[in-house]
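Reading through the structure tokens given below for one structure.
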Amino acid sequence: MTFINENFLKLSETYLFVEIGRRVEAYCKTHPEAAIVRCGIGDVTEPLPDACIKAMHKAVDEMAARETFRGYGPEAGYEFLRHAIAEGDFRQRGIEIADDEIFISDGSKCDCANFLDILGAGNRILMPDPVYPVYADTNIMAGNAISFSQATAENGFVPAPPDAPADLIYLCFPNNPTGAVATKEQLAAWVAYAHRHDAIILFDAAYESFVRTPDLPKSIYEIPDALDCAVEMRSFSKSGGFTGLRCGYCVVPKAVKGRKQSGGEKSLHALWSRRQSTKFNGVAYIVQRAAEALYSDEGRAQVAALTGFYLENARLLADALTRAGRSFVGGVDAPYLWVKGNKGMTSWDMFAHLLEQAGIVATPGSGFGAKGEGYFRLSAFNIRENIEEACRRLAAISLEKL
Ligand SMILES: *Cc1c(COP(=O)(O)O)cnc(C)c1O
């Protein structure tokens, strides 16, 4: 019989959001009258920016004529999009990224998972706790040993680099799940740590478009020296509402190198390029045109309005939590709020309490790691009406046990 990858047996039985769905469904069965407000998984709710819709209509028409029809595209993405990104997100902001250092993908979840393909076995992996479950699970699948740097109230949920060395470091700012944002100084400490240990940083900037505070970094490359030790992943899922459309990108500067067992170095750019051209078919032409449209003046204004809308939701939730006397972080420059639960209650106790007393679905913090225990996450990705209802309910139960 065929052998299986037994690393999969080390994963928890179900993915966090599947378990939440199961518990909410069970509750609704026994309480059919309950009007649930979902502040859990945090999918975007607003439709796509108009600039994207127009670009896609045009692209669909191109696909209808032999002269403009497109078949297999370049695996790393069409030049028009790679150029728009390198120019718009980096060069115009003084960061020297070449068009061919941008690799278009169907999203950051896949990029951060697939990146392990080009790295060897035995790397020492370092990531924060709590953490986006995909980083941890994909390393467990690959059989890698993981160390965690703890994000706590004491360090403002931005851990400092440890003394112990690592080879691959995961960072995500603005952070999911805590909503914390690292300053330039804090990121610079990580870049220095990576250089000290010849390590690589995988920087997840999925929420960069929510940063409004001047001087907070949107990219790891705002730190001088990061260009030869960091790979950055970005996604249009949260910035442009592309969760269902699927498009993101990975920046792999040519200067980022890895070590060969036999000695010597190899550019990760060459390996990633090879990996993508063999295992990936590229993103649909129509979708890449939609992504390109986000870089037009009209598109930029619409992204600002869309993320601004969710930031206003976050502000409303933050106000309600403050009025209810809750301690929390996030909700500024980020669409998530990381809320301390009641003393003596686990995250799943808090989940049940919020569901049963207020009909609010939150995400239990312990689902993001051991250090998330005792916290829950609220998502600002919702329609305004639901956020307002959640705020009313948070106020109403503030006098009770919460
Ligand atoms: C939503 C999210 C992403 C983006 O995921 P896609 O696969 O591009 O939809 C990446 N990282 C984090 C931490 C996220 O929360």
Side-chain angles (χ1 to χ4, degrees), residues 15-17 20 38-46 48 52 77 81 85 89 102-116 127-139 148-149 151 157-159 169-182 201-211 218-220 230-251 276 280 282-284 287-288 290-291 294 303 306-307 310-311 314 330-331 333-338 362-363 365 367-369 372 377-382:
Y15 189 57
L16 174 62
F17 293 102
I20 292 171
R38 289 169 203 274
C39 295
I41 188 159
D43 196 1
V44 300
T45 55
E46 299 307 302
L48 287 163
C52 301
L81 181 56
I85 290 169
D89 285 344
I102 304 288
F103 292 84
I104 309 302
S105 73
D106 58 352
S108 293
K109 176 157 105 174
C110 320
D111 279 342
C112 72
N114 293 338
F115 212 79
L116 293 175
M127 63 184 67
D129 175 7
V131 72
Y132 180 52
V134 176
Y135 312 153
D137 286 356
T138 52
N139 274 286
F148 293 95
S149 52
F157 299 93
V158 182
I169 303 146
Y170 288 79
L171 295 177
C172 172
F173 294 111
N175 189 260
N176 177 11
T178 68
V181 191
I201 295 173
L202 279 190
F203 189 77
D204 184 343
Y207 297 96
E208 59 77 31
S209 57
F210 290 86
V211 173
K218 288 159 136 318
S219 165
I220 186 96
V231 167
E232 182 162 301
M233 294 168 295
R234 291 211 190 174
S235 170
F236 301 113
S237 285
K238 315 295 162 46
S239 62
F242 275 42
T243 50
L245 204 55
R246 307 302 326 144
C247 192
Y249 67 88
C250 188
V251 189
Q276 290 297 80
F280 186 54
V283 174
V287 174
Q288 292 193 57
L294 296 174
V303 167
L306 187 62
T307 51
Y310 292 123
L311 283 169
D333 300 307
Y336 297 118
L337 299 98
W338 186 243
T363 307
F368 299 100
R377 188 194 74 176
L378 292 179
S379 161
F381 290 113
N382 215 321

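When a ligand or atom number is given, it counts from 1 through the structure's own listing order. Only heavy atoms go into these numbers, but all of them, side chains included; no hydrogens, no water, no symmetry mates.
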Legend entry - From CA spacing to verdict: side chain to side chain contact (heavy atoms under 4.5 Å, CB included), Leu311, Phe210: CA-CA 7 Å; Leu311 283 169; Phe210 290 86; 3.9 Å; yes

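Residue-to-ligand polar distances place Ser235 within reach of ligand 1: an N/O pair is separated by less than 3.5 Å. At a 3.5 angstrom cut-off on N or O pairs, Tyr135 does not count as close to ligand 1.
Remark: minimum distance from atom 9 (O) of ligand 1 to any protein heavy atom is reached at Ser237 OG, 2.6 Å. Summary of contacts: the protein heavy atom closest to atom 15 (O) of ligand 1 is Tyr207 OH, 2.6 Å. Protein heavy atom in closest approach to atom 3 (C) of ligand 1: Lys238 NZ, 3.5 Å. When hydrogens are left out, the protein atom nearest atom 6 (P) of ligand 1 is Arg246 NH2, 3.3 Å; that is the closest non-hydrogen contact.
Nearest heavy-atom pair across Gly241 and Leu48 is O-CD2, 3.3 Å. The nearest pair of heavy atoms linking Tyr310 to Thr45 is OH-N, 2.9 Å. Scanning all heavy atoms of the two residues, the minimum distance from Ile220 to Ala230 falls at CG2-CB, 3.7 Å.
Interface atoms of ligand 1 facing Asn176, defined by a heavy-atom separation under 4.0 Å, are 13 (C), 14 (C), 15 (O). Atoms of ligand 1 found under 4.0 Å from any heavy atom of Lys109 (numbered from 1 in listed order, with element): 5 (O), 6 (P), 7 (O). Each of the atoms 7 (O), 8 (O) of ligand 1 lies under 4.0 Å from some heavy atom of Gly107.
Between Phe103 and Phe280, the distance separating the two ring centers is not shorter than 6.0 angstrom.
The shortest separation from a heavy atom of Asp204 to ligand 1 is under 4.0 Å, placing the residue in contact. In this structure, Phe242 does not count as a contact residue of ligand 1, since none of its heavy atoms falls inside 4.0 Å of the ligand. At a 4.0 Å cut-off, not a single heavy atom of Met233 sits close enough to ligand 1 to count as contact.
Ring pair Tyr249/Phe236 is tilted by interplanar angle, where 30° to 60° counts as tilted.
Tyr336 and Tyr207 form a side-chain donor-acceptor contact under 3.5 Å, judged by distance and modelled atom types alone.
Between Lys238 and Pro335 there is no side-chain heavy-atom pair separated by less than 4.5 Å. Side-chain contact between Phe157 and Asn175 is absent, with no heavy-atom pair separated by less than 4.5 Å.
Residue Ser108 touches ligand 1 through backbone and side chain together, judged by heavy-atom distances below 4.0 Å.
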